[in-house]
Amino acid sequence: MEEICSTLNEKQREAVLCTEGPELVLAGAGSGKTRVITHRIAYLIREKQVSPRNILAITFTNKAAGEMKRRVGQLVSEESDQIWVATFHATCVRILRRFIDRLGYDSHFTIYDTDDQRALMKQVLKELNLDPKTFRERSILAAVSSAKNELRTPAQFSREASGYYEERTADCYHRYQEKLAGNDALDFDDLLTMTVELFRTCPDVLDLYRRRFRYIMVDEYQDTNTAQFALIELLAGKDGNLCVVGDDDQSIYRFRGANIYNILNFEKTFPGAHVVKLEENYRSKGNILSAANEVIRNNLGRKEKHLWTRRDAGEKIHVFRFENASDEAEHIAEEIRQRASDGRYSRFAVLYRTNAQSRALEERFVTLGIPYQLIGGVNFYQRKEVKDALAYLKTIANGRDDLACRRILNVPKRGIGDATAQKVMEFAAANGLSFYDALLDAEKTGILGRSGGKIRKFTDLIESLRERSRSLPLTELIREMLDKSGYLEDLANDDPVEAEARRQNLEELLNKAAAFENDTGAAEEPEDESASPDLPALDRFLEEVSLVADIDRMDTGAEKVTLMTLHAAKGLEFDEVYMTGMEDGLFPGMRSLDDPKELEEERRLCYVGITRARERLTMTGAARRMVNGETRFSNESMFVREIPDSLKERKDYTERPQRTSWHFDGPGEAESFRRAAPKPAAFGKEFRIVKADHLEYGPGDRVKHMKFGEGTVLRVEEGARDFEVTVDFGSHGVRKMFAGFAKLEKIG
DNA sequence: TCGAGAATTGTTTTT
DNA sequence: CAATTCTCGA
């Protein structure tokens with residue numbers, strides 16, 4: 001016990017030692033949250049003699065799960081792989097593979113990603129004869145998803161629906177669910193809702209897992225949604241040994257159903273809960289932490305806390321403003337190149353609000369030859385060629401996934417068009433067959449005339465590959481599939497640059513398959529009943545692949561700059577962080593400007609971004625930016641303005657820098673200012689001067705002024721807000737002016 | 001059936 | 001300004 005707790009501070013120790021009953025650990029950014037969880041697990045095993053099998057730890061990403069496993073392993077070597085550490089979704093899949101037959105589903109179900117969901121919903125809209133203009137599958141799916149997150153069934157949904165639009169949406173939900181079932185498929189949300197459903201309808205199953213999971217821990221608790229909460233509550237019970245760890249200030253997933261009240265009301269939901277606050281930050285320099293605190297204090301409805309650090313203040317927050325997005329990107333890339341002259345690029349991260357912003361940055365990084373890794377955007381496993389390959393594999397593994405089969409039926413082109421596919425669909429529906437089985441049969445009965453031959457060739461291909469899949473290792477199978485199907489060959493007809501990128505992605509898929517084979521081959525010890533039961537390697541590979549998030553691919557070892565969204569950055573930390581696109585209308589986004597709830601969420605996101613930085617933080621923005629083909633002008637982000645000037649060092653690179661708005665350094669004044677005028681002016685009416693840290697010219701230098709032409713600098717005086725420069729312009733006279741306003745250029 | 005070019009959309013954020 | 005969907009001729 002001494003050794004386990006010796007490295008912990010008092011609060012952390014308190015959190016670790018409280019093992020029985022409900023516990024809430026409010027862990028501020030960088031306060032050693034993961035440390036608490038891992039040590040708590042170690043303490044349970046080593047001191048409380050709890051069997052590792054009785055511990056469940058839930059994380060939000062596979063990466064976090066892996067990291068946690070690794071760190072627990074360091075503390076309690078032997079038994080650590082007995083602990084169940086997984087994401088919500090992976091946990092649910094494991095449970096469902098064993099028991100979903102109780103709900104009338106096949107245990108070999110496939111998992112649909114967003115694209116699959118879209119395709120399916122499109123079919124639904126067509127079948128229900130709904131106008132795709134008024135009923136967009138995107139918004140219907142959003143409604144369905146939030147219904148599922150709230151555990152509302154189609155029946156409930158239609159009961160509560162009012163008005164034509166909602167009623168039709170209910171119909172879609174209903175039909176969509178039927179089609180999923182018909183395909184033995186679950187979408188992401190189903191994984192959660194089905195598990196809750198399973199526990200609610202089968203007490204014996206619930207009981208089994210309750211006995212197993214005597215100690216439950218949930219990381220990032222502030223981001224749980226209603227379904228996840230229900231799941232936890234079912235497993236733990238009102239007075240179970242449930243320890244949740246989170247930070248209400250870092251709740252940033254409201255858009256996907258996260259319910260911040262899960263954490264805000266924890267003590268009400270679990271009376272008698274032990275609450276521990278971790279407020280010492282071990283990560284960031286003082287100024288960075290102060291900036292974070294200054295920003296987040298503008299949110300109402302949060303648990304009061306004040307993060308502090310023993311670290312020195314460090315550099316000020318660097319604030320840059322540029323003319324446009326490409327200047328912004330150029331400057332950042334150039335600065336990183338200089339600062340990383342030792343090649344330690346992994347110390348840097350560039351963060352942005354929307355994935356679209358990565359483009360300009362990427363271009364600059366490429367031209368300057370800076371190694372970088374891009375996280376997010378299109379998930380690797382959702383890229384077209386990878387999905388095609390996976391669709392082949394799914395069809396080979398079992399012909400049950402109609403979407404997958406249809407996807408590849410004519411890829412590469414086999415001369416089997418939509419009309420034919422439509423006929424097969426009808427045939428399948430009429431005979432209660434899957435799409436693939438319909439293909440096999442339709443060809444036999446010859447109902448399709450001359451298309452029959454083409455279909456025959458396709459099914460022959462699949463059948464022969466299926467035969468081969470029984471003996472061939474995974475990687476070999478994929479190679480053969482790519483070859484025999486003519487997919488690789490077809491790729492060559494593409495644009496050569498594009499084709500090369502695709503080939504590389506397929507190569508990466510092969511690497512992943514090889515890694516997967518190695519992993520499962522090495523771990524020959526019979527995994528306990530938690531593993532999916534006796535699935536062939538191919539099926540298990542497909543399952544694993546369906547649950548990986550893009551962040552899971554992040555390579556922390558490589559010396560590369562990391563480019564990603566602020567959302568993806570949660571839980572990570574870097575020495576030097578750039579937060580880009582700090583502009584009103586972009587961050588905070590347009591939609592949040594008139595919605596206080598939404599604005600608070602954006603502010604939390606900003607807080608998350610700031611607290612990722614250990615040593616140095618830079619915030620950048622552009623005066624104008626191309627959005628949707630038109631130029632948008634914007635003000636510096638209100639979040640930047642919420643950071644007092646005393647913590648910032650600004651530099652304005654725009655052609656016509658703005659005079660600084662009234663900034664208040666004293667907390668009292670700032671407070672009243674914010675209350676009195678919480679909203680910034682929508683447009684750049686205010687001028688802003690930026691005090692440069694130095695001037696490029698001094699007395700005696702020749703300079704050029706926009707209006708007065710050339711002159712000689714007589715004197716430079718440093719004022720509070722700016723440099724005052726006196727210049728002799730000859731015929732235009734001797735003039736005294738502010739440097740930031742005059743924009744003098746040195747000549748010669 | 002299929003490709004090229006036109007037209008028409010659209011924007012957060014992701015397990 | 002994309003990326004996706006639509007339309008039309010072969």
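Letters go in sequence order (proteins before strands), and every chain restarts at 1.
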Checklist entry - Is the phosphate of dT12(B), meaning OP1 or OP2, less than 4.0 Å from a side-chain N or O of S592(A)? => result no
Checklist entry - How many Å lie between CG on L141(A) and P on dT15(B), as a whole number? => result 17 Å
Checklist entry - Does the gap between the ring centers of F574(A) and F348(A) come in under 6.0 Å? => result no
Checklist entry - Does T114(A) place a side-chain N or O at less than 4.0 Å from the phosphate oxygens OP1/OP2 of dT14(B)? => result no
Checklist entry - Tell me: CD of Q382(A) to C1' of dT14(B), nearest whole Å? => result 9 Å
Next on the checklist: Regarding K122(A), tell me which of base, sugar-phosphate or nothing describes its non-hydrogen contacts under 4.0 Å with the strands shown.
Outcome noted: sugar-phosphate
Next on the checklist: In this structure, how many angstroms lie between the C1' atom of dT5(C) and the CG atom of D115(A), rounded?
Outcome noted: 15 Å
Checklist entry - Relative to each other, are the rings of F157(A) and Y173(A) parallel, tilted or perpendicular (30° and 60° limits)? => result perpendicular
Item to check | L547(A) CG - dT14(B) P separation (whole Å) | outcome: 17 Å
Item to check | Cation over ring face, K512(A) and F541(A), 6.0 Å, 45° | outcome: no
Item to check | Nearest-Å distance for atom pair CG/P, residues D131(A) and dT5(C) | outcome: 16 Å
Checklist entry - Nearest to the side chain of M626(A) - dC1(C), dT12(B), dC2(B)? => result dC1(C)
Checklist entry - Rounded to the nearest 0.5 Å, how far does OG1 of T91(A) lie from CG of L547(A)? => result 10.0 Å
Checklist outcome for this item: Here the distance between atom C1' of dT5(C) and atom NZ of K126(A), to the nearest Å, is 13 Å
Checklist entry - Taking only side-chain nitrogens and oxygens of R359(A), does any of them come within less than 4.0 Å of OP1 or OP2 of dA2(C)? => result no
Item to check | Listed partners of E362(A) passing side chain to side chain donor-acceptor pair (under 3.5 Å), at least two apart | outcome: Y372(A)
Checklist entry - Quick one: which of dT15(B), dT1(B), dT12(B) gets closest to the side chain of E598(A)? => result dT12(B)
Next on the checklist: Checking contacts here: which listed nucleotide (dC2(B), dT15(B), dT5(C)) is nearest the side-chain heavy atoms of K413(A)?
Outcome noted: dC2(B)
Next on the checklist: Given 3.5 Å as the limit, does a donor-acceptor pair link the side chain of R364(A) with the main chain of E328(A), or not?
Outcome noted: no
Next on the checklist: At 4.0 Å (heavy atoms only), tell me whether N62(A) reaches a base, stays on the sugar-phosphate, or touches nothing.
Outcome noted: nothing
Checklist entry - So what does N355(A) touch, heavy atoms closer than 4.0 Å: a base, only the sugar-phosphate, or nothing? => result sugar-phosphate
Checklist entry - Residues from residues 244-259 of chain A sitting under 4.0 Å of DNA chain B, heavy atoms only? => result Y253(A), F255(A), R256(A)
Checklist entry - Just checking R138(A): base, sugar-phosphate only, or nothing, at a heavy-atom cut-off of under 4.0 Å? => result sugar-phosphate
Checklist entry - If you look at every strand shown and take non-hydrogen atoms under 4.0 Å, does R632(A) touch a base, only sugar-phosphate, or nothing? => result nothing
Checklist entry - Can you check whether T420(A) reaches K454(A) side chain to side chain, under 4.5 Å on heavy atoms? => result no
Next on the checklist: Would you say K63(A) places a side-chain N or O within less than 4.0 Å of OP1 or OP2 belonging to dT15(B)?
Outcome noted: no
Checklist outcome for this item: Closest to the side chain of T565(A), out of dT12(B), dT14(B), dT15(B), is dT14(B)
Checklist entry - Atom CG of N149(A) to atom P of dT14(B): distance rounded to whole Å? => result 16 Å
Checklist entry - Given dT15(B), is OP1 or OP2 found less than 4.0 Å from the side-chain N or O atoms of N225(A)? => result no
Next on the checklist: Using whole Å, what does the distance between atom P of nucleotide dC1(C) and atom CZ of R624(A) come to?
Outcome noted: 13 Å
Next on the checklist: What's G589(A) touching, base or sugar-phosphate or nothing? Going by heavy atoms closer than 4.0 Å.
Outcome noted: nothing
Item to check | Lys/Arg N to Asp/Glu carboxylate O, K387(A) vs D113(A), below 4.0 Å | outcome: yes
Checklist entry - Is the H567(A) to F255(A) ring centre distance short of 6.0 Å? => result yes
Next on the checklist: Distance check, P atoms only: dT4(C) and dT13(B), in whole angstrom units.
Outcome noted: 14 Å
